[in-house]
Engineer: 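The structure that follows is given in the form of structure tokens.
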Amino acid sequence: MTLLLKGGRVVDPSLNRDEVADLLIKNGKIVKLGKDLYKANKAAPDIEVLDLRGKIVVPGLIDIHTHLREPGFEYKETIASGSEAALAGGFTSIACMPNTNPVNDNRSVTEFIRRKTTECGLVNVYPIAAISVKSEGTFLTEFLDLKDAGAVGFSDDGKPVMNAALMRRALEYASSLDMPIIAHCEDKNLSAGGVMHEGFVAAELGLSAIPSVAEEIMVARDLLLAEFTSAPLHIAHVSTAGSVRMIREAKARGIRVTAETAPHYFTLTDEALRGFDTNLKVYPPLRSREDRASVREGLSDGTLDVIASDHAPHARTDKEVEFDYAASGLTGLETSLSLSLGLVADGALTLLSLIEKMTVNPAGVLRLPKGGLAIGADADVTVIDPDREWICDRALFRSRGRNSPFHGWTMKGKAILTIVGGTVRYRDF
Ligand code: DOR
């Protein structure tokens, strides 16, 4: 099967390319990228030609922070439904966090996820294994065994590693395997009982709150440990100005740190919680306007390397309760790209640097052989219609999670074609 993507604007940060070109895909691989490939190839047997004038052709998008809930919480999401959501959002590769039931802290769970992924045959799913047994923060998991089983990184995401000595050892072992530790930065003593950001709005609403320093104190600690151990550290879901500042300084000093934020942190603030919509309850919480501005600055100046959705699907029964009791997290796979394109429309990022944060940079964090359109690469490709306006309707989500605060929003820009390993898996035109 041969596929010719004709006349699109090809944007590939790994090749530093942004130009109108044709892309030829054969047997699951990128075969050629260049001008006027049509004439030379139109007679090829079995060729499908797609006219993509006015569309943007990018390496398949990569989301390194998702919660797929399987095994154990299939009523919230499954590997299959999460993969369908990924395709609709333009993602060809996703990594999934280990807070399943059982926790992905051993070879059999990692192998189960990989087996299910192969059975689904939709997107590439890369398991992230737990740092500590049951993510309880007491004993390290078997890093080498988990790597051997297919894990691509380690994280206790959803929970912080409160014990600094355990975090130190985790960094040392992961570094010896050339794998990242992905830190969920939250001091549990400072955040205890909080359900939203500590500030004026929390006082007004009478909700218990989580101060910025709950995140920042752990960012500071983990940066110190990364410096001390020379190990690669990736900081998940950065939400505060102080975190951005410290990561910027750490990078300037040569510490091996990468960092991500999620679309809700550069789009929303704690002010949105005035309606008590539990779909806005998320950890870390939505912060102040100043924090949002700093997160955007961090994206612009390269302090924040990656945009990840932190796709956290929950069932209605988890969310349709009083704010204090609601599960935290929001679905993101199907809105992440459109919200991120907003950064380009606002002039905060160029298209090339946005795509960098959604392809080659996340691939680099997890050392995935993905994220570019070089000749010979796996043909994972996403096509974006930058002008498509659509209204976010959670009833139409592929995800089982309907917990999106963006329901009803008018969005601009959308993935219209998602190709994984040379096969069209999603098409919306
Ligand atoms: O709000 C959140 N939800 N934050 C996390 O860190 C975990 C996630 C989840 O698993 O639902």
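Counting convention: from 1, in listed order, for ligands and their atoms alike. In this chain, numbering begins with 1 at the start of the sequence shown. The shown structure was predicted, so the numbers you read here are calculated from the model rather than taken from an experiment.
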Engineer: To which protein heavy atom is atom 3 (N) of ligand 1 closest, and what is the distance rounded to 0.1 Å?
Structural biologist: S328 O, 3.1 Å

Engineer: How far is atom 8 (C) of ligand 1 from the closest protein heavy atom, and which atom is that?
Structural biologist: H67 NE2, 3.8 Å

Engineer: Check this for me - ligand 1, K281, N or O atoms closer than 3.5 angstrom, yes or no?
Structural biologist: no

Engineer: Could you list the atoms of ligand 1 found under 4.0 angstrom from a heavy atom of V282?
Structural biologist: 1 (O)

Engineer: Assess whether a salt bridge exists between E48 and R427, defined as any Lys/Arg side-chain N lying under 4.0 Å from an Asp/Glu carboxylate O.
Structural biologist: yes

Engineer: Report the distance from atom CG of D145 to atom NZ of K147, rounding to the nearest 0.5 Å.
Structural biologist: 13.0 Å

Engineer: Closer than 4.0 angstrom, basic N to acidic O: yes or no for R169 and E172?
Structural biologist: yes

Engineer: Could you list all the side-chain hydrogen bond (donor to acceptor under 3.5 Å, both in side chains) pairs where at least one residue sits in residues 323-344, not counting sequence neighbours?
Structural biologist: S338-W390

Engineer: When you measure from atom 1 (O) of ligand 1 to every protein heavy atom, which one gives the shortest distance, and what is it?
Structural biologist: Y283 N, 2.8 Å

Engineer: Where's the contact between H184 and ligand 1, heavy-atom distance under 4.0 Å: side chain, backbone, both or neither?
Structural biologist: side chain

Engineer: Do any N/O atoms on A312 end up under 3.5 angstrom from N/O atoms on ligand 1?
Structural biologist: no

Engineer: Ligand 1 and D310, any nitrogen or oxygen pair closer than 3.5 angstrom?
Structural biologist: no

Engineer: Below 4.0 Å from ligand 1: does a non-hydrogen atom of H314 turn up there or not?
Structural biologist: yes

Engineer: Relative to ligand 1, is L330 under 4.0 angstrom through side chain, backbone, both or neither, heavy atoms considered?
Structural biologist: neither

Engineer: Could D105 and K134 be called an ion pair, given the rule that one side-chain N must be under 4.0 Å from one carboxylate O?
Structural biologist: no

Engineer: For E142, look at atom CD and say whether over 12 heavy atoms of other residues, nucleotides or ligands are found less than 6.0 Å away.
Structural biologist: no

Engineer: How about F139: does its CZ atom have over 12 heavy atoms from other parts shown lying under 6.0 Å from it?
Structural biologist: no

Engineer: If you have a sec, work out which protein heavy atom is nearest atom 9 (C) of ligand 1 and how many Å separate them, to one decimal?
Structural biologist: R69 NH2, 3.4 Å

Engineer: Looking at CD of E356 and OG of S14, how far apart are the two atoms once the value is rounded to the nearest 0.5 Å?
Structural biologist: 9.5 Å

